[in-house]
There are 2 protein chains.
Amino acid sequence: MARLAGVSQATVSLVLADKKNGATISEETRRKVLDAARSLGYVPDPAARRLAAARNNLLGVFSFTATFPTDVEHSYYPFLVGIEKEAAAHGYDLVLFTGSSTGGAGPAGPEALSRVRLADGCLFLGRHAPADDLARLVADGFPAVHLGRRDEPEGLPWVGADYVSASRDVVRHLAELGHRRVLLVREDDEAPASSDRERGFREGLREAGLPQDEAVFRSAAPEVDVTAERLLGWVAEGVTALVVEETDTAGAWRSVLGAAELAALDMPGALSLALLGSPPADLADRPVPTGFDIPRPELGAAAVRLLASLVAGEEGGEPLVGCVLRPGATAGPPPSAAGPGTASPPPASGRGAGPT
Amino acid sequence: MARLAGVSQATVSLVLADKKNGATISEETRRKVLDAARSLGYVPDPAARRLAAARNNLLGVFSFTATFPTDVEHSYYPFLVGIEKEAAAHGYDLVLFTGSSTGGAGPAGPEALSRVRLADGCLFLGRHAPADDLARLVADGFPAVHLGRRDEPEGLPWVGADYVSASRDVVRHLAELGHRRVLLVREDDEAPASSDRERGFREGLREAGLPQDEAVFRSAAPEVDVTAERLLGWVAEGVTALVVEETDTAGAWRSVLGAAELAALDMPGALSLALLGSPPADLADRPVPTGFDIPRPELGAAAVRLLASLVAGEEGGEPLVGCVLRPGATAGPPPSAAGPGTASPPPASGRGAGPT
DNA sequence: TTGTAAGCGTTATCAT
DNA sequence: ATGATAACGCTTACAA
C-alpha cells in the first residue's frame, strides 16, 4: 500500500477519492500522497473499493436470447447503443449476462436470473422473461427495468415507445394531407403494442373529426389476408389511406404491399399507405413508408436513466419515449384532393381537422 | 447473509464454491444451504469474492472507442458474437467496461483502465489502448488479451487472424488458376497487418515458383494512386492478376477498382483481382471479390479461450486464427490460359505450382 | 464434517 | 487535518 511509501495511511483514500463534501486535505499531504501513488504506480483496487462502498457500479443487461445473435437483424444493437452511452454517462459498467444462451456451462434454470443480483440493477430485454422470476426480483426491491412496455409482473418498471401518440400523429398527418376515410389494418393480437396503436389511431381520427365506424380491419394473426380484391373494395368504398400495424414479422405490411402491387394501384396516387413503425430490413429497397420510427437508442438510454434513478433510491420518471414521424414516400394527398398540400376542411363533424 | 437463514455460516462458501478437492460437505448441510440460498435469491458479491482472492467468473471487455457505436459498420459486433458464446460456454459473464467513452463520469486516466481489475481477466478491443497502461496490467500479472495482433506492450498476449497463411492461399489459388505474373498492390504502411500480408504473398509466390522481383507495388498511404494507365502498363508487361491489400479505408481496393473501370478492362477476363480481406460495406453491390474472410466470431471466441486459460493459470496456446478463402467472382484463368481450370505447369523454376 | 478467525484493500466514523 | 479502527462480504487455512 502507498501508505508505506508515502507517510500517511487511509488518508490516501481521502485524497484519491477527491470527496466533494468537507474539503479536508492539506495541500502538502495531498501532494505527498499523489507523488507516492504515481511513483509506485499505485491504483486503488476496484474490488475493494466497491466492497467498501456497498455498490459495484455495475448495471446488468439480461436478454433471454443471445445478446449478440449471429443474425444482426434481430439483435438488440440499436438499444445497446443508447444503453452503453447512458451507462457510461452515469459511471456504470455493464454486465452482460450470458443468460439463457448458456451455450454449455452454467445451468439455464431459474438460477440464471438470480445471477443478475450481482449488479446494482438490471435491464431486461425481450419478452421472454419469466414473469414470476421477475416478480421475485421486484418483490425483493431489486432495481429492475424492462425495455419495452410490460404489464405482466405487476410493479415491474418499464420504458417503452409511445405508440399512442405516434399513431395519432400519423393519422393527423394523413388528415392534414386531406384524407377523410382512413382504415387501420391490424393483426388479431391483443399485445399492448397493438392496442396502443389502435388507441392512438382512434384518437387521431377523433381529433381530426373523422368517422370511427368500420375504421379498423382485423386479420388473423399469422398470415394476414389482405387480398387485392379486398383492397380494391376498400378503395371503391372511398378509403383513400391505409394505416398498417407493425409487428415483428411485418405480416400486415407485407400483405398490404403485395395486394397493392397485385391490384396495380398507384401507390401514393390512388391509395396512401402508412406503417405504424419501421419497415423490415428485407424491404429496405422499397420506397420509404410513411410512418414513424422508434428511437431505439433513446429508448435504451431512457431505460438506463430510469434504472440508475431506481438504484439511487429515487422514484422513476416518465416511462414513455416519443417516436418521430417519418414523412416517407407512400402517402400523399388523396385522389380527390384539389392539389398537393391542399387539405380541404373537414366536411363532417364540427371539430377541426388541423393540429389541435 | 444466508448464514442466518440456514443454520451455518461461511460453510456457505464451501458448498457454493463446489470445491473439487476434498469432498467435505455432508449432503444434508449442502441441501440446507442451497435451499436457503435459492429462497433468499442469494448471490455472492463479486467484489467481495474477488477481493478475497478468489475469482468472480467475470470477464471484462474493454474497448477504447464505444463498443456499440451508432454506426453498426464500425462496431465490434461480429467479435462479440463469438465472445459471448465462448464466455457462456466457459461459464463466464461479461462485463462491458464502458471505456474511454466516459461521457460524464471519471476521467480517462489510468484509473479508467484499472477498473477492469474487477474482473478475472479482460479482453481489449481496438488499437487505441494506451500501451503503458496495458503494460502495467500485464506487469501486475493481470490476465489480459488483446483482440488483434499487437506488439506494443511487450508480453501482452493477443490473438489475431493469420494473414500470412491466408495471403499465401490466395496466391496459391491464383497460381492454380494459371496465373504466372501476379502483382501485390499495397499501401505504404508498416503495420503488422500489412507486412504479414506481403510476407504471405511472397511465400505464395515462392511456393508456386513464381518470380518475386517487382512483384510488389507500394503506393502512398492516404490516396492510393493506381491509375488506369498504370494498370494498362502492368497488363502490357504481362501481369494477369492483382492482389490488393485490405485496410480500414480500402483505399487500395477502391483505387484499383476505379482504375479497372476507367481502363474498361474486362474484370475476370482480362485481369484477375483478389482482395486480401473483406470488401467495405459500401461496395457490397459489386461482384464479390476473390480473397479471404476474417472469421471474426471465431477470433472473439479464440480470444476468450486464451483469456480463460490465462485466468486458470495456464499458458496460452495458438494466437493465430485461420481465415477462409473466398473464391469470389473477380478472379478467373488468365487470358492466355487454354481454358478454365486448365492450369498450365509453371514454365520457370523447378518447384511445382500445385498445392504443396 | 463444520465452525472460528484472519485477512483481502477501501471507505467511513470517530477520535485525536 | 489526519491517524486509528471498524465494517464491507467473502475465501481459506486451521481448529474443533
Side-chain angles (χ1 to χ4, degrees), chain A residues 1-37 40-58 91 114-115 117-120 140 142 311, chain B residues 1-37 40-58 106 110-111 114-120 136-137 140-142 311-313:
Chain A
M1 209 338 198
R3 330 199 171 194
L4 307 182
V7 267
S8 26
Q9 49 297 155
T11 311
V12 172
S13 201
L14 287 181
V15 19
L16 288 192
D18 232 8
K19 297 302 288 182
K20 46 206 65 188
N21 49 27
T24 46
I25 286 105
S26 89
E27 196 48 44
E28 189 186 341
T29 22
R30 184 185 170 71
R31 289 201 46 74
K32 277 201 290 198
V33 172
L34 251 23
D35 286 352
L40 290 213
Y42 167 82
V43 206
D45 182 328
R49 209 163 196 174
R50 289 165 187 199
L51 178 56
R55 63 190 309 232
N56 46 31
N57 278 298
L58 253 29
S114 208
R115 302 213 52 191
R117 291 175 190 260
L118 103 205
D120 290 336
D140 287 357
F142 180 81
V311 168
Chain B
M1 213 334 200
R3 332 197 173 200
L4 306 183
V7 266
S8 27
Q9 37 216 278
T11 311
V12 171
S13 205
L14 288 181
V15 17
L16 289 192
D18 231 7
K19 299 302 287 183
K20 44 207 67 184
N21 48 26
T24 47
I25 285 106
S26 91
E27 195 49 41
E28 189 186 340
T29 20
R30 182 185 172 71
R31 288 200 48 73
K32 277 201 292 202
V33 172
L34 252 22
D35 285 353
L40 289 209
Y42 167 81
V43 174
D45 181 318
R49 237 178 145 122
R50 180 136 181 86
L51 181 56
R55 37 192 309 209
N56 53 18
N57 271 36
L58 254 29
E111 147 125 19
S114 91
R115 278 183 310 160
V116 306
R117 292 170 190 265
L118 177 66
D120 289 343
R136 188 70 216 296
L137 249 25
D140 287 357
F142 181 81
V311 168

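A note on names: the letters A, B, ... follow the listed sequences, proteins ahead of strands, and every chain is numbered from 1. Note that the coordinates shown come from a computational prediction; the quantities given were computed from them, not determined experimentally. These numbers come from the heavy atoms of this one structure, side chains and all, not from hydrogens, waters or symmetry mates.
The phosphate of C:dT2 has OP1 or OP2 within less than 4.0 Å of a side-chain N or O from B:Ser26. At the phosphate of C:dT2, neither OP1 nor OP2 sits under 4.0 Å from any side-chain N or O atom of B:Thr11. Contact between the side-chain N/O atoms of B:Arg50 and the OP1/OP2 oxygens of C:dC8 is not found at any separation under 4.0 Å. Phosphate proximity of D:dA1 to A:Thr29: absent, as no side-chain N or O sits under 4.0 Å from OP1 or OP2.
Following rounding to the nearest Å, A:Arg30 (CZ) and D:dA1 (P) show an atom-to-atom distance of 13 Å. In this structure, the CZ atom of A:Arg49 is 20 Å from the C1' atom of D:dC10, given to the nearest Å. Distance A:Leu118 CG to D:dG9 P: 14 Å, rounded to the nearest Å. At whole-Å resolution of the value, CD1 in B:Ile25 and P in D:dT12 are 12 Å apart. Atom pair B:Phe142:CZ and C:dG9:C1' shows a separation of 16 Å (rounding to whole Å applied). The distance from atom CG of A:Leu14 to atom C1' of C:dG9 is 15 Å, rounded to the nearest whole Å. One interatomic measurement links the two molecules: CZ of A:Arg55 to P of D:dA7, which rounds to 22 Å at whole-angstrom precision. C:dT10 atom P lies 17 Å from atom CG of A:Asn56, rounded to whole Å.
With sequence neighbours excluded, the residues that form a salt bridge (Lys or Arg N to Asp or Glu O under 4.0 Å) with A:Arg31 are A:Asp35.
Among the nucleotides D:dG9, C:dT10, D:dT12, the one closest to any side-chain atom of B:Ala52 is D:dG9. When each of C:dG9, C:dT2, D:dC10 is scored by its nearest atom to the side-chain atoms of A:Leu51, the top-ranked nucleotide is C:dG9.
With the nearest nucleotide of DNA chain C identified for both A:Ala53 and B:Glu27, B:Glu27 has the one nearer the 5' end.
Rounded to the nearest 0.5 angstrom, B:Leu34 CG and B:Leu16 CG are separated by 6.5 Å.
Residue pairs meeting the salt bridge (Lys or Arg N to Asp or Glu O under 4.0 Å) criterion with at least one member in residues 43-54 of chain B, sequence neighbours excluded: B:Arg50-B:Asp120.
Contact annotation for A:Ala54: no contact, since no heavy-atom pair falls under 4.0 Å across all strands.
Residues A:Asn57 and B:Arg115 have side chains not in contact (no heavy-atom distance under 4.5 Å, counting atoms from C-beta outward). You'll find the side chain of B:Leu118 reaches within 4.5 Å of the side chain of A:Leu58, heavy atoms only.
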